[in-house]
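Here is the structure we will look at.
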Amino acid sequence: MKNAYISAVLQQLADFMELNGENPFKVGAYRRAARAVENSRVPVAEMMDRLEDLPGVGKGTAGVIEEIITTGTSRQLEELRQKLPSGLPDLLSLPGMGPKSIHALYRELNITNLNELKAAAEQEKIRSLPGFGPKKELKILEAIEQFQKRPERRLLHEAMLVATRVKDYLSDDGRILRVELAGSIRRRKETIKDIDFVVATREPKEVGEYIVSMPEVLEIVNQGETKVSVIVRVEGIEMNVDVRLVSPSQFASALHHFTGSKEHNVRIRQRAKQFGWKVSEYGIFDPETEVTQTFDDEAAFFAHLGLPYIPPELREDRGEMEKAERGKLPQLIEPGDYRGDLHMHTVYSDGADSILKMARAAREKGYEYIAITDHSRFLKVANGLTIEELKEQWAEIDEVNKEFDDFTVLKGTEMDILPDGRLDFPDEILEQLDIVIASIHSSFKQDEQTMTRRIVEAMENPHVDIIAHPTGRLINRRHAYALDMDHIFQAAKDTGTILELNANPHRLDLNDEYLKKAKEEYGLTFTINTDAHSVEGLNNLPYGIATARRGWLEKGDVINTLPLEELKKRLKS
DNA sequence: GCCGTTTTCGGCCCGACTGTTTTCAGTCG
């Protein structure tokens, strides 16, 4: 039984308990247990005898976890399901609706799902309940409308485009003394709902006026002394932007606070409490001296709590606090560590630019090498190369290499793994290439066993160096193929195959969580590549680096940081 | 329900905002 399943049952149990009016701390305890299970590196089902080793798991929740492992569910959850309508937990996801309101509506008006809630609000039945009124009724209707429209989370690169425009505008005003991105976009999550900024100023009112008069603003959601919230449209992308206005001395604390994540902030406050202090967005308050300590930057903020600087990408409560406390934070990979891109396409297959143009653009970026990896003959839609065309390309690469004495173009391929698991080129071709990437572009719907075997067999070929975009997901568009990832990671370890982190912001594949798991549990090595189909595509690298950092990767985990000669040694012969 | 350099009971992260009140409960990030 997978940890994700056990964790989901615990979450459901917590939702139902909350709706049932249980002690909020008890509910919180179950949520914490769910998180601990989700984050456990070991399958929890294999550690039944020491469940209480998990942080936040005690006698009570250990018993429930054991029950879930043995019976697939929990008796308490089933009883609550009998008692409460199954649609109630869905209502928790409506903004402005918490357990108390939902339970009151159920108790007083027998509302059990979204449709009944909508009908009751439209018939103005809600306003007469104690604690509710006309405004709340209207808010409920708006929330339902918003929810049904489902404003999908935007991809990171779209959010960055909007954020960059807004930041430029903010930086132009002399009354704004400091400005930084905060929230999930600063942590570089793969999708973003709102763009958060923290701004330091002594004239919040005037700056608020300046913000709402930005030409790209479509709508002012909220304009106060401490927060301005607007909807902007930049190049057709509409997003919500929240700007927090603070005094210069509060800036560092506010930046930390609004960067989050929420879970990370909880851990920070708990630590401060050990010293008897209170952390808020304004600083760290010591009740004994009644002094609120402020900081010049985040590093000073962390130092005050006896911690090293924790990079934003790690602030997810995935173990960074424990590591920071012991001085064992990873030295995350930096953009400057990167020496060359090993996956890109040219006019030979479905790319837009020539080998020479790609090479020159990469050299301009300061790279020492690239690999040209056009598609193979099976992939007709992408104009995949025949063996003859591949050999013509080798001749051209040799010509291009004559132009440089400080830069090298490697001969590669992105070769298809065929639906039956065979590879698209024979070994006598593969052995002549510097680098062989294998990947799947067909028959996505095969079952888990077949799909996993396809990839594992490709890894077992002694010439295959890399598996590109291993799970095949397209964020917000297509799910990952059905794969047994533990099996894939084990096979990568056994065969010395390198897994790609594809930096295309639509892919980011492997994702942050798989990277962390593959590194920590299997000790794998990775490669970060843009999969560029044009010179512009090379610019996607920062999204790959950011995702690698979210996956706790260090320089030594990524082959693109190696000098050319060492890279060649690391690749299979 | 969990937990302990304030340790086996009594807390559990903090402050702002909103809409409902007439001093506060609920929700959010």
Side-chain angles (χ1 to χ4, degrees), chain A residues 10 13-14 17-36 51-65 74 76 91-105 126-140 142-143 182-187 193-196 198 221-229 240 242 244-246 250 253-285 287-288 292 305-306 315 317 321 325:
Chain A
L10 288 170
L13 183 52
M17 280 169 35
E18 192 172 30
L19 290 166
N20 198 37
E22 301 265 5
N23 175 349
F25 297 113
K26 186 173 167 182
V27 175
Y30 275 87
R31 294 238 156 90
R32 225 149 62 87
R35 253 187 93 72
L51 290 172
E52 290 182 48
D53 289 354
L54 294 166
V57 174
K59 245 195 179 85
T61 45
V64 176
I65 293 168
S74 130
Q76 200 187 351
L91 299 181
L92 281 172
S93 54
L94 285 176
M97 293 286 280
K100 295 277 163 53
S101 310
I102 292 168
H103 197 260
L105 289 165
I126 290 172
R127 58 180 63 192
S128 54
L129 292 182
F132 292 81
K135 281 201 178 170
K136 190 135 192 191
E137 198 171 65
L138 198 66
K139 281 221 147 187
I140 288 173
E142 284 171 2
S184 56
I185 191 168
R186 181 161 180 247
R187 304 197 311 276
K193 192 157 131 260
D194 305 314
I195 297 171
D196 291 302
V198 177
V221 181
N222 193 320
Q223 188 180 357
E225 288 274 312
T226 61
K227 175 183 167 180
V228 175
S229 183
N240 193 82
D242 290 342
R244 311 284 173 159
L245 305 165
V246 299
Q250 294 164 347
S253 275
L255 180 60
H256 176 268
H257 178 85
F258 291 113
T259 296
S261 65
K262 196 180 160 218
E263 291 77 12
H264 168 85
N265 286 355
V266 168
R267 296 295 307 271
I268 286 285
R269 292 204 186 95
Q270 283 169 345
R271 179 170 176 88
K273 202 159 178 93
Q274 292 173 13
F275 303 109
W277 304 332
K278 285 183 180 185
V279 176
S280 78
E281 56 264 54
Y282 304 118
I284 300 181
F285 177 71
E288 243 171 61
T292 299
L305 294 169
R315 300 181 199 168
D317 192 23
M321 283 296 283
E325 281 163 358

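Reckoned from all heavy atoms, side chains included, excluding hydrogens, waters and symmetry mates. Lettering of chains follows the sequences in order, A, B, ..., and the numbering in each one begins at 1.
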Starting from the 5' end of DNA chain B, give me the residue, Met97(A) or Lys136(A), whose nearest nucleotide shows up first.
-> Lys136(A)

Using the closest heavy atom to pick a nucleotide of DNA chain B for each, name whichever of Phe285(A) or Leu129(A) lands nearer the 5' end.
-> Phe285(A)

Considering only the [atom1] atoms, how many Å lie between [N] and [M], rounded to the nearest integer?
{"N": "dC12(B)", "M": "dC17(B)", "atom1": "C1'", "answer": "23 Å"}
{"N": "dT22(B)", "M": "dC14(B)", "atom1": "C1'", "answer": "26 Å"}
{"N": "dT23(B)", "M": "dT18(B)", "atom1": "C1'", "answer": "15 Å"}
{"N": "dC2(B)", "M": "dT8(B)", "atom1": "C1'", "answer": "12 Å"}
{"N": "dG11(B)", "M": "dA16(B)", "atom1": "P", "answer": "23 Å"}
{"N": "dT27(B)", "M": "dT20(B)", "atom1": "C1'", "answer": "13 Å"}

Work out which heavy atom in Gly56(A) is nearest to a heavy atom in Thr61(A); give both atom names and the distance.
->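 Taking Gly56(A) first and Thr61(A) second, the nearest heavy atoms are O-OG1, 4.0 Å.
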
Of the non-hydrogen atoms in Ile102(A) and Leu19(A), which two are nearest, and what is the gap between them?
-> CG2-CD2, 3.7 Å

Quick one: is [X] getting a side-chain N or O under 4.0 Å of the [N] phosphate, OP1 or OP2?
{"X": "Asn23(A)", "N": "dC12(B)", "answer": "no"}
{"X": "Lys273(A)", "N": "dC12(B)", "answer": "yes"}
{"X": "Thr226(A)", "N": "dC17(B)", "answer": "yes"}
{"X": "Tyr282(A)", "N": "dA16(B)", "answer": "yes"}

Looking for any heavy atom pair under 4.0 Å, which part of the strands does [X] touch: base, sugar-phosphate only, or nothing?
{"X": "Leu94(A)", "value": "sugar-phosphate"}
{"X": "Val279(A)", "value": "sugar-phosphate"}
{"X": "Pro24(A)", "value": "nothing"}
{"X": "Phe132(A)", "value": "sugar-phosphate"}
{"X": "Lys139(A)", "value": "sugar-phosphate"}
{"X": "Pro130(A)", "value": "nothing"}

Which distance, rounded to the nearest 0.5 Å, do you find between the OG1 of Thr292(A) and the CH2 of Trp277(A)?
->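 Going from OG1 on Thr292(A) over to CH2 on Trp277(A), the span is 12.5 Å.
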
Between atom CD1 of Ile195(A) and atom CD1 of Ile185(A), what is the distance when rounded to the nearest 0.5 Å?
->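 Between Ile195(A) CD1 and Ile185(A) CD1, I get 4.5 Å after rounding to 0.5 Å.
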
Check the distance between [N]'s [atom2] and [X]'s [atom1] and give it to me in whole angstrom.
{"X": "Ile185(A)", "N": "dG29(B)", "atom1": "CD1", "atom2": "P", "value": "17 Å"}
{"X": "Arg127(A)", "N": "dT21(B)", "atom1": "CZ", "atom2": "P", "value": "13 Å"}
{"X": "His256(A)", "N": "dG29(B)", "atom1": "NE2", "atom2": "C1'", "value": "14 Å"}
{"X": "Glu263(A)", "N": "dC28(B)", "atom1": "CD", "atom2": "P", "value": "15 Å"}
{"X": "Arg315(A)", "N": "dG29(B)", "atom1": "CZ", "atom2": "P", "value": "20 Å"}
{"X": "Asp196(A)", "N": "dC28(B)", "atom1": "CG", "atom2": "C1'", "value": "13 Å"}
{"X": "His264(A)", "N": "dG29(B)", "atom1": "NE2", "atom2": "P", "value": "18 Å"}
{"X": "Gln250(A)", "N": "dC14(B)", "atom1": "CD", "atom2": "P", "value": "18 Å"}

Between Arg186(A) and Thr259(A), a side-chain donor and acceptor under 3.5 Å | yes

Would the His264(A) and His257(A) ring centres measure less than 6.0 Å apart?
-> no

Residue [X], side-chain atoms from C-beta onward, closest of [options]:
{"X": "Lys100(A)", "options": "dT27(B), dC12(B), dC2(B)", "result": "dT27(B)"}
{"X": "Asn222(A)", "options": "dC3(B), dT18(B), dG19(B)", "result": "dT18(B)"}
{"X": "Lys135(A)", "options": "dT20(B), dC2(B), dG15(B)", "result": "dT20(B)"}
{"X": "Lys262(A)", "options": "dC2(B), dA16(B), dG29(B)", "result": "dG29(B)"}
{"X": "Ser280(A)", "options": "dG19(B), dC14(B), dG1(B)", "result": "dC14(B)"}
{"X": "Pro134(A)", "options": "dC2(B), dT20(B), dT27(B)", "result": "dT20(B)"}

Pairing of DNA chain B as dot-bracket, 5' to 3': ( ) intra-strand, [ ] crossing, | other strand, . unpaired, with Watson-Crick or G-U pairs under 3.5 Å?
-> ((((....)))).((((((....))))))

Kindly indicate whether the side chain of Asp194(A), heavy atoms from C-beta on, has any atom under 4.5 Å from the side chain of Asn240(A).
->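 Yes, close enough: below the 4.5 Å cut-off.
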
Out of Lys26(A), Arg31(A), Lys100(A), which residue meets the salt bridge (Lys or Arg N to Asp or Glu O under 4.0 Å) rule with Glu18(A)?
-> Arg31(A)

Go through the steps for Tyr30(A) and Arg35(A) under the test side-chain contact (heavy atoms from CB on, under 4.5 Å), then give the verdict.
-> CA-CA 9 Å; Tyr30(A) 275 87; Arg35(A) 253 187 93 72; over 6 Å; no

With sequence neighbours excluded, what pairs up with Gln270(A) under the side chain to side chain donor-acceptor pair (under 3.5 Å) test?
-> none

